[in-house]
Amino acid sequence: MSNLMNRRILLGVSGGIAAYKSAELIRRLQDMGADVRVVMTRAAEAFMTPLTLQALSGHPVHNDLLDPEAEAAMGHISLARWADLILIAPASADIIARLAHGKGDNLLTTVCLARRCELAIAPAMNEAMWHNQATQDNLAILQQRGIHQLGPASGGQACGDIGMGRMSEPSTLASEVSHFFETGLLAGKTVVITAGPTREAIDPVRYISNHSSGKMGYALAQATVDAGAKVILISGPTALPCPDRVTCIHTSSAIDMYQSSMDHLPGCDIFIASAAVADFRPATIAEQKIKKTGQDTMHIEMVKNPDIVTAIANADPKPFVVGFAAETHDVIHYARDKLQRKNLDMVVANDISDTHIGFNSDDNIVTILTAESEQYLPKANKFQQAQRIIQAIAKQY
Ligand code: CTP
């Protein structure tokens with residue numbers, strides 16, 4: 001079965017002579033099972049009629065950010081949510097510049113800003129425009145943000161020049177796009193994932209916890225299920241809904257999470273520890289609410305919690321074990337130390353000193369470490385990072 005079966009591709013068509021190839025591209029994507037919807041820029045309409053692309057895609061073509069009727073039917077946010085992947089083909093020098101600078105001045109750029117999925121661009125332009133430093137700088141910015149670049153190819157151009165800048169052929173693009181959906185990477189595997197914070201009770205009404213939102217672990221659960229695995233998500237308290245097709249087990253304290261992880265060890269092929277587990281817990285939990293009367297200070301004796309991931313990594317037989325390292329400094333150094341000390345197969349390291357990424361934010365930047373390798377993943381939202389992490393696990397496993 002094709003990787004594109006039932007996948008939703010939003011095809012962005014920007015202005016350029018290569019827009020005529022978008023008709024064939026729709027066909028090639030559909031042949032592979034994809035559902036394609038089209039967003040065109042006004043400039044694209046000078047090269048290709050929306051009616052043609054509407055007839056081929058079987059859906060109305062979207063082109064206006066400010067059309068209340070179109071927005072009411074499927075607005076820019078719904079379009080962005082609908083897509084499993086946005087592919088801009090052809091991507092003109094102009095749309096590349098707009099994307100690089102985060103513009104939201106037309107429907108296509110706005111949908112790209114609002115997206116939660118991967119974005120790929122297939123540049124197409126005259127070779128002098130391609131080599132222009134401004135274009136190259138913009139492309140470097142996009143690459144840094146994890147936006148995929150497909151092509152361009154070299155060859156004869158519409159203007160008569162020969163060189164780089166031809167849009168890749170539709171069949172090549174369709175096949176490259178299908179690699180984004182390498183489903184079945186973990187088919188038949190059972191994956192246990194810990195996520196979220198733990199709560200360590202002090203008395204019946206108080207606890208010690210941390211700021212983990214659980215977003216990364218939940219995104220991993222979703223990406224793992226999408227890769228064909230059976231997923232058990234052992235979660236501390238979070239505000240997140242259980243992802244579709246995932247078995248969620250709700251826990252509170254580190255001891256609960258430890259017990260549940262051990263219970264699910266038999267049959268577990270891959271264990272991913274993304275939870276922010278409290279290292280210590282109060283030595284005793286007061287049976288009654290602690291009163292402040294007569295006290296100016298308060299001392300809580302703390303005892304060490306079991307290290308869940310280390311216990312799993314030292315079991316026999318042991319699954320493939322992935323740990324996380326959230327650090328504020330010397331990130332790679334401490335992450336490597338964790339890899340060895342905890343006997344892990346892989347560590348996903350992230351820098352939590354930057355509040356725009358990591359803990360409790362929607363985006364993060366991570367580095368995947370194994371004993372032999374180090375792979376840097378540029379900034380992306382947690383779901384995109386989760387997909388990349390799952391691909392890396394599937395490769396190593
Ligand atoms: N972890 C765990 N059980 C614990 C503590 C941590 O399973 N009791 C796991 C986390 O889920 C994560 C990894 O261990 O995958 C790293 O956690 P961290 O607390 O950062 O590591 P520590 O070894 O406790 O190092 P530090 O000195 O930085 O606290």
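Order of appearance sets the numbers: ligands from 1, and atoms from 1 within every ligand. Every value quoted in this text rests on a predicted model; they were computed, and no experiment measured them.
Side-chain N or O atoms of S14 include one that pairs as donor or acceptor with a backbone N or O of S92 at under 3.5 Å. Without hydrogens or angle criteria, N343 side chain to A313 main chain gives a donor-acceptor distance under 3.5 Å.
For atom 10 (C) of ligand 1, the nearest non-hydrogen atom of the protein is A275 O, 3.4 Å. K342 NZ, 2.8 Å is the protein heavy atom nearest to atom 14 (O) of ligand 1.
Looking at A254 against ligand 1, nothing comes within 4.0 Å, counting heavy atoms. Only the side chain of D279 comes within 4.0 Å of ligand 1, counting heavy atoms alone; its backbone N, CA, C and O stay farther away.
The side-chain contact (heavy atoms from CB on, under 4.5 Å) test with M40 is passed by exactly one of L11, L107, V13: V13.
Distances between N or O atoms of V309 and those of ligand 1 include at least one value under 3.5 Å. In terms of polar-atom proximity, I308 is counted as a contact of ligand 1, with an N or O under 3.5 Å from an N or O of the ligand. At under 3.5 Å, a nitrogen or oxygen of A273, whether backbone or side chain, sits near a nitrogen or oxygen of ligand 1. When only interatomic distances are considered, the shortest N/O to N/O separation between F324 and ligand 1 falls below 3.5 Å.
At a distance under 4.0 Å, no protein heavy atom can be found next to atom 27 (O) of ligand 1.
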Practice item. Under the ring-ring contact (aromatic ring centres under 6.0 Å, His included) rule, what do H264 and F271 come out as? Steps first, then yes or no, please. Key: CA-CA 10 Å; H264 290 91; F271 187 89; 10.0 Å; no

Exercise for review: Please step through side-chain contact (heavy atoms from CB on, under 4.5 Å) for the pair W130 and M164, ending with a clear verdict.
Suggested key: CA-CA 7 Å; W130 171 256; M164 280 296 278; 3.5 Å; yes

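Other residues, nucleotides and ligands contribute over 12 non-hydrogen atoms within 6.0 Å of the CD atom of Q149.
Residue N305 places every heavy atom at 4.0 Å or more from ligand 1.
Here the shortest heavy-atom pairing between Q30 and L56 reads NE2-O, 3.0 Å.
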